[in-house]
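What follows is a set of notes on a single structure, which appears directly below.
None of these values were measured; they are calculated from a predicted model. In what follows, every heavy atom counts, from backbone to side chain, and hydrogens, waters and symmetry copies are set aside.
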2 protein chains.
Amino acid sequence: MARPCCYFSPMPLPEPLRAATVGDVAALAGVSSATAARALGGYGTVSPRTRDRVADAAHALGYRANGIARSMVTGQTSTLGLVVADIENPFFAAVTRGFGDVARSAGYDVMVVNTDEDPARERAALGVLVGRRVDGVALSPASSREAGHLHMHVASGQPLVLLDRGVRGLRADVVGIDNRAAARRAVEHLVAAGHRRIAMLAGAGSGGRPLQAEGVPPALMTGLDRIRGYRDALSSAGLDGLPDYLRVTHFRSSAARAAIRELLALPVPPTAVFCSDSLLSLGVLAGAADSGAVIPVDLSLVAFDDADWMDVVTPAVTVMDQPAYDIGAAAADRLLRRVAGDTARPRRVVLPTSLVARGSVAAPRTAVRRVQRPAAP
Amino acid sequence: MARPCCYFSPMPLPEPLRAATVGDVAALAGVSSATAARALGGYGTVSPRTRDRVADAAHALGYRANGIARSMVTGQTSTLGLVVADIENPFFAAVTRGFGDVARSAGYDVMVVNTDEDPARERAALGVLVGRRVDGVALSPASSREAGHLHMHVASGQPLVLLDRGVRGLRADVVGIDNRAAARRAVEHLVAAGHRRIAMLAGAGSGGRPLQAEGVPPALMTGLDRIRGYRDALSSAGLDGLPDYLRVTHFRSSAARAAIRELLALPVPPTAVFCSDSLLSLGVLAGAADSGAVIPVDLSLVAFDDADWMDVVTPAVTVMDQPAYDIGAAAADRLLRRVAGDTARPRRVVLPTSLVARGSVAAPRTAVRRVQRPAAP
DNA sequence: TTGAAAGCGCTAACAG
DNA sequence: CTGTTAGCGCTTTCAA
């Protein structure tokens, strides 16, 4: 015998297969879906009694608002996009956290996308975020040259905040530090310690793509600015006639390790090195050890970004610290203002850096000798 | 004189204020919106000529598909949710990267949410993700006790993969390592070096909430399992009668620093310590230095997770390494299968760990003495 | 191969 | 205070 119950009243789909909608809740509560929506969404006016009935029905049905549908009609997603160049770099991890904390406390969620310093992936990431209709995007540009997609994005009127790195000619807010001044100060610290042959390791791009020709500045404003600061410091110290100790490497400690080994193997090696990134300084530590160079006796080091391990190594690493968490937080704040409709002209938010002097900087051996002579009459 | 041009044909909204829609493209291409949508979305059948016309029109208008609207009708978002306990922990940073790489190569985007080890924030994060209708969620549970929301989520039929940490009784895939065995092996390494008084620092919770009473195991399966492994190793070595050197601290290096100082100040201090996390080992290095203890002479150390700095400190840190990137990648893979409809019973994916022996482990001083005597006859 | 029309779940006018 | 109605931009039958 067949099961007659099924002929005329097909079973509704079992619970797990279809999520409850406003209409379901409304039906159970015995009100119109508009009223249910008002009660559920917390807008308009609903009588307390109705509100309770709807709430009960929603609870019974396990109703969860469909953010997609809501976004569809409101045109807003309450979501911010964050495009970072390398989520594994502690600097960006902290930026991400600061950004997320501020966004969340303002009722926004965050979609994070990683680009691995690749402009093509960055363009794709931006496309994804725009496709998802995020309300705004914060982005650390992988390149200041390949930025056509950024210009188009800004031209389309969508809020964009640049993180850490600027892009020349782009009408967008920038949140970061004064890289040139910070680098200059870091190198001046080395000059003050008596160093003359000061190298710099600058990071650019990931391992994915070939680097530009030797000596050409990286396609990164941050790197460029730090290189400028390095040169500023050298020339005000009258040190610009010396051999070129600048090396541009990938953002990998292995690349820095090779670079520092090569530098130390020079006929006239540098006595100090300034690293534009914490990852690179990791490579310097390893490479110096490879070369048998002792820090700070044979090589002084100033790094960028105060990574958590920097004060447990021996010697502790002197760093130019930048407020990564605050940069992320400030970027979210700026972006939220733009999302809220602020159309004032682009602002540049510059956060303070600080030099943290630790044990990795000492006078170069030659300078020590010079000091020692008059000290023993 | 008034401007008559505006009376009968109001200007259309200027470009930046309204994004082009399928309808706009269709109108410009002279086809129906259904056809334009087919051409744009790459589904159905469209003649090559029409396809080109539509493509041109789309290009001219700067059309970008509205993912929200698409999700609305397809019920899919091509987005995966990732809930991590601490984005700043290098372990989770690597997991995030592995997860993202696999997701992206399968055409999925990722929404990352940080919970700071707080179950309440975890519940909220899951709610957000569900509201946004992500196709699936991978999550590293902040607590194995407060997991009601996880059970509800699974009951609702939505794909969920647990990352790194399991939750007892939850019918969900788990991707991680065998924490108990790994911890046991790490501690056995210490035992083999001759240690008897072996401490353990286990992490639980962030600084946000008070920790449980002293000695109570943390509400984390990972921590629990590592503690079990520690005890396993101690008891098979016949070392369980010794004083209790286990300390449960927050996931902060400062907490570990205080804990190790306290341990080293004991009348009979431990000669070795096993840390359940790289952050904690950072604190151990600092705290040991505070106490004037030299590693590995006065204190041997085995850490968990091979952070990038671990082989540049002196001595380099012996670690139990877990494949963080692969864990993230495997989790994405598992989740994608579930999203694709795999309803086989929950699987547990266990990835291999490896002990990386470096310089932070040596024989305890007492053991050294014992060895030295017969060595000089 | 193409078009017309119906909706996805929700919000926003506008009446009642 | 509540219900009716009309979409948001897209995909998807179903006919033509």
Side-chain angles (χ1 to χ4, degrees), chain A residues 12-13 17-55 57-58 61-79 128 130-135 156, chain B residues 12-13 17-55 57-58 61-79 128 130-135 156:
Chain A
L13 288 172
L17 289 188
R18 199 177 73 78
T21 71
V22 171
D24 299 331
V25 175
L28 184 61
V31 295
S32 75
S33 46
T35 299
R38 278 188 276 254
L40 260 12
Y43 59 93
T45 47
V46 189
S47 77
R49 280 194 51 228
T50 314
R51 188 187 309 281
D52 287 349
R53 276 230 309 286
V54 171
L61 260 32
Y63 170 81
R64 321 233 28 183
N66 185 331
I68 298 288
R70 177 173 294 166
S71 297
M72 176 99 199
V73 36
T74 60
Q76 311 217 120
T77 52
S78 300
T79 302
V128 163
V130 170
R132 294 266 184 286
R133 295 297 194 268
V134 296
D135 296 334
S156 81
Chain B
L13 287 172
L17 289 188
R18 201 177 73 77
T21 71
V22 171
D24 300 330
V25 175
L28 184 62
V31 295
S32 75
S33 47
T35 300
R38 278 189 276 253
L40 261 11
Y43 57 92
T45 48
V46 188
S47 77
R49 279 194 51 227
T50 313
R51 188 188 308 282
D52 288 348
R53 277 231 307 287
V54 171
L61 261 32
Y63 171 80
R64 319 230 34 179
N66 185 329
I68 299 285
R70 178 172 293 166
S71 296
M72 175 100 200
V73 35
T74 61
Q76 309 217 121
T77 51
S78 299
T79 302
V128 164
V130 170
R132 294 265 183 288
R133 294 300 194 265
V134 296
D135 295 334
S156 79

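Here the closest heavy-atom approach between residue Arg133(B) and residue Ala65(A) is recorded as NH1-O, 3.4 Å.
Rounded to a whole Å, the CD1 atom of Ile68(A) is 14 Å from the P atom of dT11(D). Note: CZ (Arg132(A)) to C1' (dC10(D)) measures 14 Å, nearest angstrom. The distance between atom CD of Gln76(B) and atom P of dT11(D), rounded to the nearest whole Å, is 13 Å. Straight-line distance from the CZ atom of Arg49(B) to the P atom of dT1(C): 13 Å, rounded to whole Å. dT1(C) atom P lies 14 Å from atom CG of Asp52(B), rounded to whole Å.
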Letter per nucleotide, 5' to 3', of nucleotides 4-13 of chain C [B base touched, S only sugar-phosphate touched, - untouched; heavy atoms, 4.0 Å]: B---BBBBBB

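Looking only at distances, no side-chain donor or acceptor of Asp52(B) sits under 3.5 Å from a matching main-chain atom of Arg49(B). With Arg64(B) contributing its side chain and Gly131(A) its backbone, the two residues share no donor-acceptor pair below 3.5 Å.
With a 4.5 Å cut-off on side-chain heavy atoms, Val54(A) and Val31(A) count as touching.
Counting any heavy atom pair closer than 4.0 Å across all strands shown, Thr45(B) reaches a base atom. Counting any heavy atom pair closer than 4.0 Å across all strands shown, Thr50(A) reaches sugar-phosphate atoms only and no base atom.
When the side-chain nitrogen and oxygen atoms of Thr35(B) are compared with OP1 and OP2 of dG3(C), one or more of them lie within a distance under 4.0 Å.
Remark: the Arg132(A) side chain and the Thr79(A) side chain contain no N/O donor-acceptor pair separated by less than 3.5 Å.
Note on residues 32-41 of chain A: pairs passing side-chain hydrogen bond (donor to acceptor under 3.5 Å, both in side chains), not counting sequence neighbours, are Ser32(A)-Thr35(A).
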